[in-house]
There are 2 protein chains.
Amino acid sequence: MAVSRERLYRVGEVAALTGVSIRTLHHYDEIELLPPSGRSEAGYRLYNDADLLRLQQILTLRFLGFSLDQVCDLLSRPDFDVEASLRIQRRVLRDRIDELERIETVLGELLERRQMTGEWAWELVASASASIQAEMKLRGEQMSEYYTRDELQQRLAEIGKATPAEVIQQTEEDWTALVREVRANRDLDPTDPRAQALADRWNELTQDMAHWFGDDPKLANSIQRNYAEGVYAEIADAPTMEDFAFIQKVNAARKSE
Amino acid sequence: MAVSRERLYRVGEVAALTGVSIRTLHHYDEIELLPPSGRSEAGYRLYNDADLLRLQQILTLRFLGFSLDQVCDLLSRPDFDVEASLRIQRRVLRDRIDELERIETVLGELLERRQMTGEWAWELVASASASIQAEMKLRGEQMSEYYTRDELQQRLAEIGKATPAEVIQQTEEDWTALVREVRANRDLDPTDPRAQALADRWNELTQDMAHWFGDDPKLANSIQRNYAEGVYAEIADAPTMEDFAFIQKVNAARKSE
DNA sequence: ATAAACCCTCACGTTACGTGAGGGTCAAGG
DNA sequence: CCTTGACCCTCACGTAACGTGAGGGTTTAT
């Protein structure tokens, strides 16, 4: 087993290779995001290939909109896997490309309307702004969900194992029953006591499940998002967004009393 | 002439319509980038449709990577034209989409190599980083080139004035002569000494001109771009992309010796 | 052995807002 | 008529991710 003399790079070399500034490397060292794996006697930072790979991950994740804090979290997660991460990154990139194409066509429409009519289509102006804003915000918010989805499966599986089977089955039955009732009564006035009773049961069940999830708001958030994206659309008795909306209205009506 | 009661929006409405935060509107007002066209008696900011259009431009330009300062400059240029700007924005978006696709394939290659060989292709890791860095920096640097075309004319005019007329004429004659010769000999082998002689003269002339441009790399870059887009296509004796390509090949052949 | 080219550690500056604090305005309701 | 809730205002300080020197060692090529 030869001491395979790995290639070592100084800040300047890393900078030249990757295009990041030296100051950035200093910064990433300061915040312990990318401490060089070694130092020379004189105190020079020395990076190896693994460091470069980590840097690549950092840059990509930052490019996708994560804050350095979030990147820190992601990379330090025990189950972090570079290959899985790369796959996710590609998926996100494709999604982003789609978004850009959407924006491009929105701008195209705006321009066309202007040239056809000589007037500005103000609603298109607003929606163009909204599209762009959405795309700018998307970075780091919706993004983290991409990284949570896979994890989500796993977490749910864990929770599943840690919970007695009868409890799970019971809960599922409760849910399906409740969802059916809600769906049959979605036209009730939010102030109707029957609606409030339904909301009560709903909140209770949610509480129970929340208890399983622990105090992890991310998990809840992910589930929400997955709903919004229709991940569970095929499951007939899973609550839909309309169901959620109804319950929210009822809860809101109660609060405002 | 009825006082056509234009629609007016307060900060909250603009925010709801476009997705920007109220604070951002305040900020854009503070720096005089987007002062509302009116105020209510109580001091409420009141925006009209034209303001919304300006906001759309601001958001798009920012999205493309301009700083607020740059956006300020652009929008206040006397020759600024929203429609032209929209066209440019679409082109930039398409370019950016191409870049994202490139990055996506780079990541794909990296991943594939890893999965085929079980090893990381370090050079790909570095180049992936470089791609991403390039794309992140591109914002606002190369970007301004798209918008510089008009400015370019002006700068060239300035330089023209600051340089004695005979020198300019001499240079122009040198260029036309050289370009004709190059065009007649573009099928020469890059290693041919005659080709190299041409390349030498070319490089020398380029040096001379570079000297006029001072140390402003942006200017040089702009010229490159304008060439690529065929701005000077009508000028018969202006070098074409093929001419450039030929010289580059010759230079490359020389270096690799 | 002496520049030239790198590298180090402070430490303050910058951009584009976020986030309250403290306080007017205005339509609906009691 | 007055209050309450939803908006709006103006400061003014906070923040993220570096940029940009200042002041001072290190390495290497001549």
Side-chain angles (χ1 to χ4, degrees), chain A residues 8-36 38-47 51 55 58-73 75 129 132-133 136-137 139-141 143 252-253 255-257, chain B residues 8-36 38-47 51 55 58-73 75 129 132-133 136-137 139-141 143-144:
Chain A
L8 293 178
Y9 310 85
R10 286 174 306 181
V11 276
E13 300 177 296
V14 175
L17 238 58
T18 63
V20 306
S21 74
I22 292 178
R23 174 65 174 112
T24 298
L25 293 173
H26 287 176
H27 186 59
Y28 291 173
D29 184 6
E30 267 175 39
I31 64 174
E32 281 161 275
L33 173 56
L34 180 67
R39 290 266 189 161
S40 81
E41 288 192 9
Y44 288 17
R45 273 163 259 254
L46 295 176
Y47 298 86
D51 294 333
L55 177 56
I58 294 170
L59 292 179
T60 308
L61 291 172
R62 260 201 51 65
F63 176 65
L64 295 181
F66 289 95
S67 72
L68 292 185
D69 267 16
Q70 291 174 306
V71 173
C72 242
D73 285 4
L75 293 186
S129 300
I132 289 174
Q133 262 317 98
M136 292 194 78
K137 278 192 184 163
R139 342 206 122 171
E141 247 171 77
M143 272 318 97
K255 262 182 205 160
S256 65
E257 270 169 24
Chain B
L8 292 179
Y9 310 85
R10 284 173 307 181
V11 276
E13 300 176 295
V14 175
L17 238 58
T18 63
V20 306
S21 73
I22 292 178
R23 174 65 174 115
T24 299
L25 293 174
H26 286 176
H27 186 58
Y28 290 174
D29 185 7
E30 267 175 39
I31 63 175
E32 281 160 278
L33 174 56
L34 181 67
R39 290 267 188 160
S40 82
E41 287 193 12
Y44 288 17
R45 273 163 260 252
L46 296 177
Y47 298 85
D51 294 333
L55 177 57
I58 294 170
L59 292 179
T60 309
L61 291 172
R62 259 201 52 64
F63 176 65
L64 295 182
F66 289 95
S67 72
L68 292 186
D69 266 16
Q70 292 174 304
V71 173
C72 243
D73 286 4
L75 293 187
S129 301
I132 289 174
Q133 263 316 99
M136 294 196 75
K137 279 191 185 165
R139 340 205 125 172
E141 246 171 80
M143 269 320 97
S144 35

Quick one: Leu61(A) CG to dA17(D) P, roughly how many Å, whole number?
13 Å

5'-most contact on DNA chain C (nearest-nucleotide basis), Arg62(B) vs Glu41(B), goes to Arg62(B)

The side chain of Ala42(A) is closest to which nucleotide in this list: dT27(D), dG18(C), dT25(C)?
dT27(D)

Nearest to the side chain of Tyr28(B), which nucleotide is it out of dT10(D), dA17(D), dC17(C)?
dC17(C)

Rounded to whole Å, please give me the gap between CZ in Phe66(B) and P in dT15(C).
17 Å

Distance, nearest 0.5 Å, that separates CE of Met136(A) from CG of Leu59(B):
8.0 Å

Can you measure Leu25(A) atom CG to dC8(C) atom C1' for me and round it to whole angstrom units?
14 Å

Looking at dG18(C), I'd like to know if its phosphate oxygens (OP1 or OP2) sit under 4.0 Å from a side-chain N or O belonging to Thr24(B).
yes

Please tell me which of Asp29(B) and Leu68(A) maps to the more 5' nucleotide of DNA chain D, matching each residue to the nucleotide holding its nearest heavy atom.
Asp29(B)

Determine, stepwise, if the pair Arg23(B) / Glu30(B) fulfils salt bridge (Lys or Arg N to Asp or Glu O under 4.0 Å).
CA-CA 10 Å; Arg23(B) 174 65 174 115; Glu30(B) 267 175 39; 3.5 Å; yes

Just how far, in rounded Å, is C1' of dT15(C) from NE2 of His27(B)?
7 Å

Does the side chain of Tyr47(B) reach to within under 4.5 Å of the side chain of Leu25(B), using non-hydrogen atoms?
yes

Find the distance Ile31(B):CD1 to dT14(C):C1' and express it as a whole number of Å.
13 Å

Is any side-chain heavy atom of Tyr28(A) closer than 4.5 Å to one of Leu68(A)?
yes

Report the distance from atom CD of Glu30(A) to atom C1' of dC12(C), rounded to the nearest whole Å.
13 Å

For atom CZ of Arg23(A) and atom P of dA17(D), their distance in whole Å:
13 Å

From dA16(C), dC9(D), dG19(D), pick the nucleotide closest to the side chain of Val11(B)?
dC9(D)

Taking the minimum atom-to-atom distance to the side chain of Ser21(B), which one of dC7(C), dA16(C), dG18(C) wins?
dG18(C)

Does His26(B) place a side-chain N or O at less than 4.0 Å from the phosphate oxygens OP1/OP2 of dC9(D)?
yes

Spacing of Arg10(B) atom CZ and Arg45(B) atom CZ [to the nearest 0.5 Å]
13.0 Å

Nearest of dG19(D), dC8(D), dT25(C) to any side-chain atom of Arg10(B)?
dC8(D)

Give the rounded distance in Å between these two atoms: CG of Leu46(A) and P of dC6(C).
16 Å

